[in-house]
Amino acid sequence: MNTIASPKVSRRRFLQGSAATAGSLVVGFHVPFLKPAEAAEGSAAPEVNAWVVVKPDDTVVVRIARSEMGQGTLTGLAQLVAEELECDWAKVSTEYPTPGQSVERKRPWGRFSTGGSQGIRGSHDYVRKGGATARMMLVQAAADEWKVPAGECTAANSVITHAASKRTTTFGKVASAAAKLTPPTDVKLKDPKDWKIAGKRLARLDTIDKTTGKQIYGMDLTMPGMLNAAIKDCPVFGGKVKSVDEAAVLKRPGVKKVVRVGNSAVAVVADTWWRAKTALDALKIEWDEGPHAKASSASIAESLNAGLVARDAVVGNQVGNVAPAIAAAAKVIEATYSYPYQNHACMETMNATAKWTPERCEVWTPTQNGESALAATSEAAGLPLTKCEVYKIHLGGGFGRRGMTDWIRQAVAIAKEMPGTPIKLIWSREEDMAQGRYHPITRCKLTAGLDAAGDVTGLAMRISGQSILASVAPQNIKDGKDPLAFQGLNAAGPESSIGYTFPALMIDHAMRNPHVPAGFWRGVNLNQNTIYLECFIDELAHAAGKDPLAFRQKLMGNHPRHLAVLNAVAERAGWSKPAAPGVFRGLAQAMGFGSYVAACAEVSVNAAGELKIHRIVAATDSGHAVNPQQIEAQVEGSFAYGLSAALYGECTVKDGRILQSNFHDYPALRMADMPTVETVIMPSGGFWGGVGEPTIAVAAPAVLNAIFAATGKRIRDLPLKNHSLKKA
Amino acid sequence: MAKLNVNGKVRDYQADEGTPLLWVLREQLGLTGTKYGCGIAQCGTCTVLIDGVPIRSCVRTAASLKPTEKITTIEGLSPDGSHPVQKAWVALDVPQCGFCQTGMIMAATALLNTKPNPTDKDIDETMTNICRCGTYNRVRAAIKSVAAGGALKKADANDIIHVTRSAT
């Protein structure tokens, strides 16, 4: 028990506080997913190191700092720890350490932030070392007991063996002794080719409770004395509350309080959420709509159009001198594309439960970033970090939205008005639609020259529009440049590089930031940038009279990994042979979040203009593949999310506010729209790429290019629901 | 006291007139497996069965239900997750975030009860629940595996490796 960094924290207190589940014991309320046996054993189970707890019965608890929101990272990270630990996979379970413990112990688990497809690729090294270190300590403890060199002992399947003396013991038996040892510093990791647990198609660790209703989401929490809150923030971003007729709703049954939250929102607190919500609906609120009350989709489009031709822009990628290269071309092709605002629309709306006293503030919430949630709690509570704690609750979807902290601040502000009472704040779907952190709105003007042979002489891409960083982290914008604006379009690099070599190239960004707040939205800027580039490349191929695959291949000689995934989908889809009668194909490729992806879509459009997406063939090279069956799930899910955006996703602005309010006017893709997806996983080794996001980017352009092949119609602005595909 | 017949038991509850069944289940009866997603019968995450028929409990008032009408929620589908639909969901590792899945499972159960061998068209028309994670293809495969008596074609099962867990 030598691993507690802070002398103020007893081991027992840490164990009580470990995991969201056990953390709940500290405040003494019932959480149904904590099994009593686990709680009782908790205080006796030795922590070998920060990552690994081994119980006397050999069961292993792996601590996971990143958030599980469906992407499978909980299972994947546990696989990596277990691989190096050499434990029995059947005996592995997981728990979340809390951000407060991270502060107390000086961040032994590294970053909690779960975004940018970073869960595994951003922590694989220290997570595996955590497992390997624990294994070495367990082996050392056994060797010490047997008085033999540790080098003569081996560990496999939670059993330690000294072959020469034919002795064996188990992890559970030596865990207490191991925990007292000084951790080794020279820790070697396995070659991935020797993996036995990682790299396998293992079932997820968190499935069963999701099929029985036992899985607890933030929205499901309950605790003694808890009250419920519903909230309405000014629908016009930048507006304020002018007046509220509180008295009218305070008489309603169960209503306890009407709370002003900051200067822009009003919450109603009641015994049940339904009563809070209906009282809020009945509440008369007068708004000062502020400076943006006249903004509209048209005024925003006007601003972005000005950016398309503005003199000043920030350069993201440049090769040679593009203007003369295009001017000298035999043929010049030009097109303008646009991409709308979109809401994340997580199935579980934003929610948090907060309890505030002058001494301490605790928050239970589904968050993609426990650490920023803790910082937000501290600020909103007016208490130092050491007097605050955040317990992460399983997320009902995240997609980037839950990397923010706005709803957490609201919950704490409400709880502060009712000291000692736990307050569960749940956003209605309407609030969730109105108060998003939206996919940024951008436009792109592309100009290219083709020579007499149909080869590209130069390409110019002017992106105009919103910067996510300007909304969420303006301090990261240097010299007016948002580097994330060029996702997928960068010169060489391990994160998000362009897959083509042009004789001359200019990609620049004229930043235009409307008042609507932007946020990280699954796939981020790779989504629209890939549509712009991959659809325009398709336009160029057709203008040159060339096959879209061959046209791309010729430009991709210097980009073997980009090319390999593209070739893989073409081969699997049978590109060289015609599709079934009436079925047409489209291609797209991209590199982002450290991975290479490509897709071939097969679609048909009937005489009535109805689109059917029959089949998608997708390929992913993520370097290493920690759980291939979950990569397949992420690739399929990326098509659902990306095609939902392409077919339906659009938030429009009128009178300064978002017009869409629920799934009737912000539709999502459903079962009937979902194509079959064939996934080719082709890990080429030597790097770690993400899988949750990159594939979204190729969904729309592959389908748009297939639609062109089917109809001759080039759709340049989304969503598709705004267009007729009926043949003219 | 008003009464509802939920998962085989007649339960007392108190709620204001007009309170949707969803919120009575969640806030009065402690059955949080049924989820709130939209409140306007669009997303299906609140799906429960009434006498075997799937309904969206966010728009059906509790007061409109008589104690003779049998409500089944995800908690009442089986005592231990052993319903064939639940087993197929586990076998194919269907859920991602899982939030919509209880509603999906209830809708699939109702479909299979009326059409034990649903066609793709039946599935498309009946399974209108929204899943933002995009589990649709595994949902479809799971429904087909139940129709096939729990048998899984290798392609459907994706060769997922299941380990009998001894961890708590």
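Fair warning: this is a prediction, and the values are worked out from it, not measured in the lab. The chains referred to below are lettered A, B, ... by the order of the sequence lines, with proteins before strands, and numbering in each begins at 1.
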Trainee: Heavy atoms, side chains only, cut-off 4.5 Å: are B:Y13 and B:K3 in contact?
Mentor: no
Trainee: Pick from A:T207, A:D206, A:T212: which one makes a side chain to side chain donor-acceptor pair (under 3.5 Å) with A:K210?
Mentor: A:D206
Trainee: So for A:P628, is it side chain, backbone, both, or neither that comes closer than 4.5 Å to the heavy atoms of chain B?
Mentor: neither
Trainee: Between B:V163, B:I74, B:D93, B:T32, which shows the greatest number of heavy-atom pairs under 4.5 Å with chain A?
Mentor: B:D93
Trainee: Below 4.5 Å from any heavy atom of chain A, which atoms of B:E125 appear? Answer side chain, backbone, both or neither.
Mentor: neither
Trainee: At a heavy-atom separation under 4.5 Å, does A:D673 approach chain B through its side chain, its backbone, both, or neither?
Mentor: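 For A:D673, no heavy atom lies under 4.5 Å from chain B.
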Trainee: Flag the pair A:Q630 / A:V691 as yes when at least one side-chain heavy-atom distance between them is below 4.5 Å, and no otherwise.
Mentor: no
Trainee: With a 4.5 angstrom heavy-atom cut-off, which part of A:M69 approaches chain B: side chain, backbone, both or neither?
Mentor: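 Just the backbone, heavy atoms under 4.5 Å.
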Trainee: Select, from A:M347, A:H664, A:M674, the one with the greatest count of heavy-atom pairs under 4.5 Å involving chain B.
Mentor: A:M347
Trainee: Quick check, are the ring centers of A:Y641 and A:F399 under 6.0 angstrom apart?
Mentor: yes
Trainee: In Å, rounded to the nearest 0.5 Å, how long is the span from CD of A:Q368 to CD of A:Q71?
Mentor: 8.0 Å
Trainee: Decide, yes or no, whether a salt bridge links B:K35 with A:E348 under the criterion of side-chain N to carboxylate O below 4.0 Å.
Mentor: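 No, this pair does not count.
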Trainee: Does the distance from a Lys or Arg side-chain N to an Asp or Glu carboxylate O, for A:K277 and A:E431, drop under 4.0 Å?
Mentor: no
Trainee: What residues of residues 52-61 of chain B make heavy-atom contacts with chain A at a cutoff under 4.5 angstrom?
Mentor: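 No residue falls under the 4.5 Å cut-off.
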Trainee: Is B:I40 atom CD1 crowded by more than 12 heavy atoms from other residues, nucleotides or ligands, each under 6.0 Å away?
Mentor: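 Atom CD1 in B:I40 is crowded, with more than 12 foreign heavy atoms closer than 6.0 Å.
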Trainee: Please classify the contact between A:T272 and chain B as side chain, backbone, both or neither, with a heavy-atom cut-off of under 4.5 Å.
Mentor: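 Both backbone and side chain.
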Trainee: Only heavy atoms, only distances under 4.5 angstrom. Which residues in residues 96-117 of chain B are near chain A?
Mentor: B:Q96, B:C97, B:G98, B:F99, B:C100, B:Q101, B:T102, B:I105
Trainee: Is a donor on one side and an acceptor on the other found under 3.5 Å between the side chain of A:Q629 and the backbone of A:R201?
Mentor: no
Trainee: Measure across A:D58 and A:S158 and return the closest heavy-atom pair with its distance rounded to 0.1 Å.
Mentor: O-OG, 4.5 Å
Trainee: Could you check whether any side-chain heavy atom of A:T679 comes within less than 4.5 Å of a side-chain heavy atom of A:V677, counting everything from C-beta outward?
Mentor: yes
Trainee: So for A:H344, is it side chain, backbone, both, or neither that comes closer than 4.5 Å to the heavy atoms of chain B?
Mentor: backbone
Trainee: Picking from A:I426, A:N627, A:D271, A:L669, which has the most non-hydrogen pairs under 4.5 angstrom with chain B?
Mentor: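 Max contact count across the listed options: A:L669.
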Trainee: Identify which part of B:R132 has an atom lying under 4.5 Å from any heavy atom of chain A, answering side chain, backbone, both or neither.
Mentor: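 Both the backbone and the side chain of B:R132 come within 4.5 Å of chain A.
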Trainee: Report the distance from atom CG of B:L49 to atom CD of B:E69, rounding to the nearest 0.5 Å.
Mentor: 13.0 Å
Trainee: Heavy atoms only, distances under 4.5 angstrom: which of B:T135, B:V24, B:T128 has the most pairs with chain A? Name it, please.
Mentor: B:T128
Trainee: Under a 4.5 Å cutoff for heavy-atom pairs, which residue among B:D124, B:N129, B:V139 has the most contacts with chain A?
Mentor: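 So the answer, after comparing B:D124, B:N129, B:V139, is B:D124.
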Trainee: Would you say the side chains of B:T119 and B:D122 form a donor-acceptor pair under 3.5 Å?
Mentor: yes
Trainee: Tell me, for A:S428 versus chain B, whether the close heavy atoms (under 4.5 Å) come from the side chain, the backbone, both or neither.
Mentor: both
Trainee: Can you tell if the side chain of A:S67 reaches within under 4.5 Å of the side chain of A:H394, non-hydrogen atoms only?
Mentor: no
Trainee: Checking B:T19 against chain A: side chain, backbone, both or neither under 4.5 Å from a heavy atom?
Mentor: both
Trainee: Do the side chains of A:I616 and A:T676 get nearer than 4.5 Å, heavy atoms only?
Mentor: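 No, too far: nothing below the 4.5 Å cut-off.
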